[in-house]
Amino acid sequence: MPLDWQSKLIHSQAAAPAGFRSLATPTYRGSTTLFDRVADAQVDWDQTRAPYGYGLHGTPTTLELAARVAELEGGGDCFIVPNGQAAIALVYFAFTGAGAHVLLPEGAYRPSGELADRVLARFGVETEVYDPLIGGGIAELIRPNTRLIWCESPCSVTMEVQDVPAITAAERRAGVVTALDNTYSAGVLFDAFAHGADVTMQALTKYVGGHSDLLLGSVTVRDEAHRQALGEARSLLAMSVSPDDCSLALRGMQTLAVRLRHLEESTLAVAGWLRGQPEVQTLLHPAFPECPGHDFWARDFTGSTSVFSVVFKKDIPPEAIVSLVDALALFRIGYSWGGVTSLAMPYLALQRRFHRHSGKIVRFNIGLERVEDLVADLERGFAVLRGQAVAV
Ligand SMILES: *Cc1c(COP(=O)(O)O)cnc(C)c1O
């Protein structure tokens with residue numbers, strides 16, 4: 001049928017030659033996906049098993065990223081969601097409902113608790129904060145209506161490493177879902193499933209992305225009933241993701257091993273230097289013995305990564321700590337971590353019920369700069385802090 005040029009814009013006969021074989025996963029964009037016949041038309045969220053029906057449920061690009069994350073984590077299946085917090089939200093929505101009781105470690109990623117308190121509470125979900133070092137003692141907190149136990153190891157900012165196997169063993173007796181935020185280990189330095197977790201999630205934003213230019217999350221699961229609950233909730237909550245972002249994550253994944261190795265080494269060096277400064281009370285880095293739960297890290301992890309915190313002594317004025325961070329040139333001030341740039345962020349009003357600190361904390365992320373340059377930058381910052389501390 002001869003077509004007018006206007007129709008040719010939509011129904012072209014022209015096409016590039018086939019047979020191009022790149023090493024990169026193609027970026028498939030698409031909302032509508034086509035069926036050959038009306039009889040073939042169907043939509044099912046489970047596009048790893050049913051034919052493609054709609055882009056919301058995944059494109060080959062997103063499903064390849066999902067399969068690769070699941071492969072790395074040793075899980076059954078993985079769902080890619082818009083970011084780490086969306087992964088957390090998905091877990092709550094899949095496994096809780098009115099009347100449910102949730103256990104969340106103190107020190108969990110703060111927006112997780114805020115979601116529970118400000119949104120899920122309105123739907124009748126009750127969240128109880130527990131001591132991250134509770135271990136098997138979690139059994140005493142489990143109620144008949146407990147549906148979900150969160151673990152995050154190490155915790156955000158205060159870096160408590162959890163005894164995940166002890167917690168998940170208690171959970172198995174009671175038959176509730178244990179979900180682990182495994183962002184710190186990039187899903188590879190701590191084997192969540194081998195340590196008993198039912199569900200594991202990551203902010204791919206951090207190490208898999210690796211370059212501070214992308215937001216993405218993942219939820220990986222082994223049990224089929226849990227997979228169904230997550231898959232259905234993900235599709236009904238419409239947590240679709242951009243294939244372009246997934247393409248960046250697939251690229252980031254290729255260099256994950258070299259980045260993690262390098263970051264670990266540089267971070268241990270910089271953290272070790274900070275630990276020696278007289279103003280520093282405690283170093284909160286899982287590989288150092290003074291970090292709460294360090295023994296669990298040594299037992300269960302195969303490495304450490306780039307994020308850690310420093311607790312300053314009580315008598316250091318907060319303004320002096322701020323002046324230190326403001327004086328840094330290579331360390332930039334910003335949230336998130338896991339990229340190539342070193343970052344510093346003060347947390348000067350942090351309240352912790354179970355593991356008290358002076359409350360004067362700076363969290364660092366080490367990037368790919370040379371260690372000597374980072375230490376020189378910190379030396380400059382400490383000189384400013386010392387000037388301030390004397391002046392105050
Ligand atoms: C950053 C982070 C998240 C949230 O990830 P986003 O992609 O920024 O939403 C969740 N958990 C932990 C432990 C994180 O560090």
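One-based numbering along the sequence shown. Just so you know, ligand 1 is whichever comes first in the structure, and atom 1 is the first atom listed for that ligand. Hydrogens, waters and symmetry mates play no part in the numbers below; they use all other heavy atoms, side chains included.
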Between I333 and M345, is there a side-chain heavy-atom distance shorter than 4.5 Å?
yes
4.5 Å side-chain heavy-atom contact, F354 and P105:
no
Salt bridge or not for R261 and E264, using N-O below 4.0 Å?
no
Would M201 and I88 satisfy side chain to side chain contact (heavy atoms under 4.5 Å, CB included), going step by step from the backbone distance to the final call?
CA-CA 7 Å; M201 52 71 44; I88 290 169; 3.8 Å; yes
Dump the pairs for me: ligand 1 N or O, protein N or O, distance under 3.5 Å, to 0.1 Å.
| residue | atom | partner | partner atom | Å |
| --- | --- | --- | --- | --- |
| ligand 1 | 5 (O) | G84 | N | 3.4 |
| ligand 1 | 7 (O) | G84 | N | 2.7 |
| ligand 1 | 7 (O) | T205 | OG1 | 2.6 |
| ligand 1 | 9 (O) | N83 | OD1 | 3.4 |
| ligand 1 | 9 (O) | G84 | N | 3.2 |
| ligand 1 | 9 (O) | Q85 | N | 2.9 |
| ligand 1 | 11 (N) | D181 | OD2 | 2.6 |
| ligand 1 | 15 (O) | K206 | NZ | 2.5 |

Under a 4.5 Å side-chain heavy-atom rule over Ile, Leu, Val, Met, Phe, Trp and Tyr, are L343 and L284 clustered together?
no
Side-chain heavy atoms under 4.5 angstrom apart, residues restricted to Ile, Leu, Val, Met, Phe, Trp, Tyr: same cluster for W273 and F308?
yes
